[in-house]
Engineer: 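Here it is, the structure, as structure tokens.
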Protein chains: 2
Amino acid sequence: MKPSVVTIESTGHFCSDCAVRGSAVCASLDAAELRQFEHLGRRVHFASGETVFSEEDITTSFYNVLEGVMRLYKLLPDGRRQIVGFALPGDFLGMNLSGRHNFSADAIGAVTVCQFAKGPFGRFIEDRPQLLRRINELAIRELSQARDHMVLLGRRSADEKVASFLLGWRERLFMLNAPSDTVSLPMSRQDIADYLGLTIETVSRTFTKLERHGAIEIIQGGVSLLDQARVEALAAA
Amino acid sequence: MKPSVVTIESTGHFCSDCAVRGSAVCASLDAAELRQFEHLGRRVHFASGETVFSEEDITTSFYNVLEGVMRLYKLLPDGRRQIVGFALPGDFLGMNLSGRHNFSADAIGAVTVCQFAKGPFGRFIEDRPQLLRRINELAIRELSQARDHMVLLGRRSADEKVASFLLGWRERLFMLNAPSDTVSLPMSRQDIADYLGLTIETVSRTFTKLERHGAIEIIQGGVSLLDQARVEALAAA
DNA sequence: AAATGCGATTGACCCAGATCAATTTTGGTC
DNA sequence: GACCAAAATTGATCTGGGTCAATCGCATTT
């Protein structure tokens, strides 16, 4: 979907009371640095379905997700799509070598990001190895997740893929805030399919199968984990 | 395979005439720093099939590949294997967050690495942001490769997987040294299968098919690219 | 409350790639 | 150069998940 209305808030927000203060890149900054940092970023809102940046776009900004969920994906020339990850509040996007993004990102539901212009942000990092170290840390974590996902894509069955996805997603939501055995799934079945390397039909059938076996209950906007042990068994660690 | 004979050379080597001087982490160091750096690493040899480190091992060292090829892989409890990458000279291994490796690595053929103890290396980085930046650069490059590989694993057909693999591997060898349309494949068919998320039979059949179509010739220890355009077409970039 | 439209589900059928099972080729080794 | 073991190839068959094609829900609009 193409961008339509983007809202930019210029003022009125402070890093010190930012929701992702503790988990994002900025976690590595002290109070004084944070005040300077504040002037670098601006909050930007995206409506559901809007594209935040596209693969092969020149990188002009870095983004810190504040609210909402984004899908990160790559397309093949013939339209096949692979979702390489979902971004949640606290995730940092935009790192690259070539000066171009190497995946596209769009909003699933309403999204707020903290946007940093590349130049000023780069200069700010320059003499703050702490921040660089933090960014490195995030990159290494993502790398580890990426490798786990390769195992899933290359070597797991459809049942295992869906079960691991549910557990992994639940875990990520848990890390953020809401402890809950009802797992909210803001993304579409097609998104899940493109994340797991399956078709939408297979994802749907697998959900239904899990429900028939009493492992989950499919509810509005998500699922309820009824029998976590069973789902874990299916995920086959 | 378990470690058997590991040869350690304590002296007699200098970073300044190291084969990977220009491409590895050390590329970010100046002559003076290089002399200090020299004392941190030691060259270690591994014989074919030996394991350099295993997943879940406590990280005690970082490694810089100097010579040879390594397979990097993860295993599922039931033995299914996914190769998450191949390491070539210049590659840097061992970065992680948890203090444990998140994949295993073993030698394909004879391998020489430059091994750094975690502590001293960490301290050396401490006040050298240049080096940290270099490591970050390498991590980001790997992340980009990992995402490309997710697309391959999740959304490409067997033919496309094999064709892209051949082109990608040829490209990596090209970057290193030997410009050549004969592509050396030091890894086994099983390794290729576990890298591409296929079975050994499918890899073998696809090679044969490519050969029948005149796109490649299967030779001792590799293949010869006869019709690169055709292979590229199959890879469907 | 009927109409619309899109996401999700379900069913019927198919096929790419897995599995199972022999060979064949290659590389050592005595 | 005969022998053996491991790797690779090839063939026959099977099947998990894809493809094609209807519905089925709902939420939104009129």
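Quick caveat, the model's predicted, so the values are computed rather than measured. A, B, ... follow the sequence lines: proteins, then strands. Residue 1 opens every chain. As a basis for the values below, the full set of heavy atoms in this structure was taken, side chains included, without hydrogen atoms, waters or symmetry mates.
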Engineer: Which pairs count as side-chain hydrogen bond (donor to acceptor under 3.5 Å, both in side chains) when at least one residue sits in residues 209-220 of chain B, sequence neighbours excluded?
Structural biologist: B/Asp159-B/Lys209

Engineer: Treat primed atoms plus P, OP1 and OP2 as sugar-phosphate and everything else as base, then score nucleotides 15-28 of chain C 5' to 3': B for base contact with protein heavy atoms under 4.0 Å, S for sugar-phosphate contact only, - for none.
Structural biologist: --SSBB-----SS-

Engineer: On the six-membered ring of A/Phe207, is A/Arg189 placed so that its NZ or CZ lies under 6.0 angstrom from the centre and within 45° of the ring axis?
Structural biologist: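 Yes, A/Arg189 sits over the ring of A/Phe207.
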
Engineer: Quick check: do A/Trp169 and A/Met187 have side-chain heavy atoms less than 4.5 Å from each other?
Structural biologist: yes

Engineer: Between the protein and nucleotides 5-8 of chain C, list the N/O to N/O atom pairs that are separated by less than 3.5 angstrom.
Structural biologist:
unit_1 : atom_1 : unit_2   : atom_2 : d
C/dA8  : OP1    : A/Arg189 : N      : 3.4
C/dA8  : OP2    : A/Arg189 : N      : 3.1

Engineer: Does the side chain of B/Leu210 come within less than 4.5 Å of B/Val223's, by heavy atoms?
Structural biologist: no

Engineer: Could you tell me the separation between the CD1 atom of A/Ile219 and the C1' atom of C/dT9, rounded to a whole number of Å?
Structural biologist: 18 Å

Engineer: Going by the rule side-chain contact (heavy atoms from CB on, under 4.5 Å), which residues pair with A/Thr199 if we only count those two or more places apart in sequence or in a different chain?
Structural biologist: A/Glu201, A/Thr202

Engineer: Parallel, tilted or perpendicular: which fits the ring planes of A/Phe92 and A/Phe62, with parallel below 30° and perpendicular above 60°?
Structural biologist: parallel

Engineer: What does the inter-axis angle of the helix from C/dA1-D/dT30 to C/dC30-D/dG1 come out as, five pairs per end, nearest 10 degrees?
Structural biologist: 40°

Engineer: Short question: side chain of A/Ser204, backbone of A/Ile200 - any donor-acceptor pair under 3.5 Å?
Structural biologist: no

Engineer: Please determine if A/Glu67 and A/Arg43 form a salt bridge, counting it only when a charged side-chain N lies under 4.0 Å from a carboxylate O.
Structural biologist: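 A salt bridge is absent here (no side-chain N lies under 4.0 Å from a carboxylate O).
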
Engineer: Rounded to the Å, how far apart are B/Asp191 CG and D/dA8 C1'?
Structural biologist: 13 Å

Engineer: Can you tell if the side chain of B/Leu226 reaches within under 4.5 Å of the side chain of B/Ile216, non-hydrogen atoms only?
Structural biologist: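 No, side chains not in contact.
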
Engineer: Could you go through residues 73-89 of chain B and list every donor-acceptor pair under 3.5 Å that involves a side-chain atom there, pairing it with any protein atom two or more places apart or in another chain?
Structural biologist:
unit_1  : atom_1 : unit_2   : atom_2 : d
B/Tyr73 : OH     : B/Asp106 : OD2    : 2.7
B/Lys74 : NZ     : A/Asp148 : OD1    : 2.9
B/Lys74 : NZ     : B/Glu55  : OE2    : 3.1
B/Lys74 : NZ     : B/Asn102 : O      : 2.8
B/Asp78 : OD1    : B/Arg80  : N      : 3.2
B/Asp78 : OD1    : B/Arg80  : NE     : 3.2
B/Asp78 : OD2    : B/Arg80  : NE     : 2.9
B/Asp78 : OD2    : B/Arg80  : NH2    : 3.1
B/Arg80 : NH1    : A/Arg155 : O      : 2.8
B/Arg80 : NH1    : A/Glu160 : OE1    : 2.9
B/Arg80 : NH2    : A/Glu160 : OE1    : 3.4
B/Arg80 : NH2    : A/Glu160 : OE2    : 2.8
B/Arg81 : NE     : B/Asp194 : OD2    : 2.6
B/Arg81 : NH2    : B/Asp191 : OD1    : 2.8
B/Arg81 : NH2    : B/Asp194 : OD2    : 2.9
B/Gln82 : NE2    : B/Asp194 : O      : 3.0
B/Gln82 : NE2    : B/Tyr195 : O      : 3.1

Engineer: Please report the distance, rounded to the nearest Å, between NZ in A/Lys209 and P in C/dT10.
Structural biologist: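 These atoms are roughly 13 Å apart.
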
Engineer: Starting from P on D/dA7, measure out to CG on B/Asp194 and report it in whole angstrom.
Structural biologist: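 So the two atoms are 13 Å apart, to the nearest Å.
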
Engineer: When the distance from NZ of A/Lys161 to P of D/dG16 is rounded to whole Å, what number comes out?
Structural biologist: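 Those two atoms, NZ and P, are 14 Å apart.
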
